[in-house]
Amino acid sequence: MESDSWRRFFDSYERTAFRLETLPSYGVPEEDAELAAFLSTGGLHIPDDDQWLVRVRRFRATGRWVGRVHVVRRPLTDYLRYEFAVYAHTVRAGEDVRILDVTDDPVPGLPQQDFWLFDDTRIVLMAYDADGRQIDRELLNDIDPAPYVQWQQRVWERAVPFTAYEAMLDG
């Protein structure tokens with residue numbers, strides 16, 4: 001799915017949009033400057049009119065839920081430290097972010113691929129190269145969503161809300 005069709009598809013969900021993230025870093029060229037600034041200063045400013053924050057607020061204002069679980073292992077990568085700084089903003093906008101730390105407690109049987117699950121019925125697999133750059137989004141047609149729903153439930157139950165996980169790291 002290309003950018004415009006992906007956005008239209010994404011924005012058309014009716015109730016729930018769930019993301020499973022499994023990588024320790026993502027190569028997103030649009031984030032390079034912001035990531036470099038974060039790594040040099042330790043600070044991150046995201047304006048209130050940021051495109052994703054505006055969309056999250058709109059989803060929530062229309063009664064739709066959006067959330068994710070990021071599977072992590074310590075020590076956190078520089079990218080994860082940056083992404084956690086981003087999560088602080090997305091959580092305030094209404095995104096439900098949780099962290100599943102498998103450093104000391106692996107969760108067998110989890111998929112090793114990122115995906116989005118929309119309304120418990122539509123699955124989009126996210127494919128990345130070795131450097132974490134997105135190379136494809138694939139809408140899975142004519143597939144039983146039950147395994148993806150079960151994975152979502154399994155990671156959700158074991159994951160910690162982002163703010164609680166961040167407090168544990170700071171404590």
Side-chain angles (χ1 to χ4, degrees), residues 1-14 16-62 64-102 110-119 122-140 148 151-152 155 159 161-163 165-166 169:
M1 287 184 169
E2 297 301 319
S3 296
D4 290 338
S5 61
W6 166 242
R7 184 175 175 140
R8 282 190 303 277
F9 174 85
F10 190 109
D11 289 352
S12 72
Y13 81 93
E14 295 177 9
T16 62
F18 169 78
R19 168 80 187 265
L20 178 66
E21 293 180 304
T22 62
L23 299 179
S25 65
Y26 292 86
V28 183
E30 298 84 5
E31 294 176 343
D32 287 348
E34 190 175 76
L35 172 60
F38 172 79
L39 294 176
S40 71
T41 67
L44 178 66
H45 171 72
I46 298 179
D48 283 342
D49 64 350
D50 172 83
Q51 183 179 35
W52 178 246
L53 299 182
V54 168
R55 289 174 72 199
V56 167
R57 286 191 294 268
R58 186 176 68 244
F59 299 147
R60 301 300 290 145
T62 57
R64 295 182 287 170
W65 179 88
V66 60
R68 71 182 69 222
V69 169
H70 199 137
V71 179
V72 303
R73 289 167 188 77
R74 291 180 317 271
L76 298 179
T77 62
D78 286 344
Y79 183 87
L80 281 176
R81 290 188 309 104
Y82 159 74
E83 190 155 67
F84 280 20
V86 173
Y87 288 160
H89 292 271
T90 66
V91 166
R92 280 194 298 276
E95 185 175 3
D96 198 343
V97 178
R98 294 188 179 204
I99 306 299
L100 177 57
D101 189 327
V102 297
L110 288 184
Q112 297 301 308
Q113 183 166 18
D114 289 25
F115 65 85
W116 279 99
L117 173 64
F118 298 96
D119 299 322
R122 298 179 295 165
I123 299 108
V124 175
L125 291 183
M126 310 297 284
Y128 299 89
D129 67 15
D131 293 323
R133 288 184 301 258
Q134 186 178 81
I135 54 175
D136 194 22
R137 293 181 202 101
E138 178 187 3
L139 174 61
L140 301 181
Y148 292 89
W151 285 325
Q152 186 250 340
V155 298
F162 170 72
T163 52
Y165 186 80
E166 188 176 45
L169 289 176

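Values below: every heavy atom of this structure, side chains too, minus hydrogens, waters and symmetry copies.
Looking at Asp136, its side chain never comes within 3.5 Å of a backbone N or O of Ala127 through a donor-acceptor pair. No donor-acceptor pair under 3.5 Å is formed between the side chain of Arg8 and the backbone N or O of Ser12.
Side chains of Tyr87 and His70 form a contact here, defined as non-hydrogen atoms less than 4.5 Å apart. Counting heavy atoms from C-beta outward, Glu21 and Glu83 have side chains that approach closer than 4.5 Å. Within the 4.5 Å cutoff, side-chain heavy atoms of Leu169 are placed close to those of Leu76. A heavy-atom distance below 4.5 Å is found between the side chains of Asp78 and Arg81. Within the 4.5 Å cutoff, the side chain of His89 has heavy atoms near those of the Leu53 side chain. Proximity of Leu100 to Leu110: side-chain heavy atoms (C-beta onward) are separated by under 4.5 Å at one or more points.
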> Please walk me through it: do Asp114 and Tyr128 pass side chain to side chain contact (heavy atoms under 4.5 Å, CB included)?
Replying inline: CA-CA 9 Å; Asp114 289 25; Tyr128 299 89; 3.7 Å; yes
> How far apart are the C-alpha atoms of Leu20 and Trp151, what are their side-chain angles, what is the distance that settles it, and do they pass the side chain to side chain contact (heavy atoms under 4.5 Å, CB included) test?
Replying inline: CA-CA 9 Å; Leu20 178 66; Trp151 285 325; 5.6 Å; no
> Is there a side chain to side chain contact (heavy atoms under 4.5 Å, CB included) between Ile99 and Val69 once you walk through the steps?
Replying inline: CA-CA 5 Å; Ile99 306 299; Val69 169; over 6 Å; no
> For Phe118 and Val66, what are the C-alpha separation, side-chain angles and deciding distance, and is it a side chain to side chain contact (heavy atoms under 4.5 Å, CB included)?
Replying inline: CA-CA 9 Å; Phe118 298 96; Val66 60; over 6 Å; no
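With 3.5 Å as the limit, one finds no donor-acceptor pair spanning the side chains of Gln134 and Tyr26.
Taking a cutoff of 4.0 Å between a charged side-chain nitrogen and a carboxylate oxygen, Arg7 and Asp11 qualify as a salt bridge. In this structure, Asp101 pairs ionically with Arg74, as a charged nitrogen and a carboxylate oxygen lie closer than 4.0 Å.
Atom CD of residue Glu34 and atom CD1 of residue Ile46 lie 5.0 Å apart, to the nearest 0.5 angstrom. In this structure, the separation between OG1 on Thr163 and CZ on Phe84 is 11.5 Å, given to the nearest 0.5 Å. A distance of 9.0 Å separates CG of Leu125 from CG of Leu139, quoted to the nearest 0.5 Å. Considering CG of Leu35 and OH of Tyr79, their distance stands at 7.5 Å, rounded to 0.5 Å. The CZ atom of Arg19 lies 14.0 Å from the CD atom of Gln152; values are rounded to the nearest 0.5 Å. To the nearest 0.5 angstrom, Glu138 atom CD is 5.0 Å from Leu140 atom CG.
Each of Thr22, Thr77, Leu80 was compared with Val72 under the side-chain contact (heavy atoms from CB on, under 4.5 Å) criterion, and only Leu80 meets it.
For Phe115, the ring pair (Phe, Tyr, Trp, His ring centres under 6.0 Å) test picks out Tyr148, with sequence neighbours left out. For Phe59, the ring pair (Phe, Tyr, Trp, His ring centres under 6.0 Å) partners at least two apart in sequence or on another chain are Phe10, Tyr13.
Residue pairs meeting the side-chain hydrogen bond (donor to acceptor under 3.5 Å, both in side chains) criterion with at least one member in residues 37-54, sequence neighbours excluded, are Trp52-Glu95.
For the pair Arg122 and Phe9, the cation-pi criterion (under 6.0 Å, within 45° of the ring axis) is fulfilled.
The aromatic ring centroids of Phe162 and Tyr165 lie 6.0 Å or more from each other.
Nearest heavy-atom pair, Gly67 versus Trp116, reported as atom, atom and distance to 0.1 Å: O-CZ3, 4.4 Å. In terms of heavy atoms, Ala159 sits closest to Arg98 at CB-CB, 3.6 Å.
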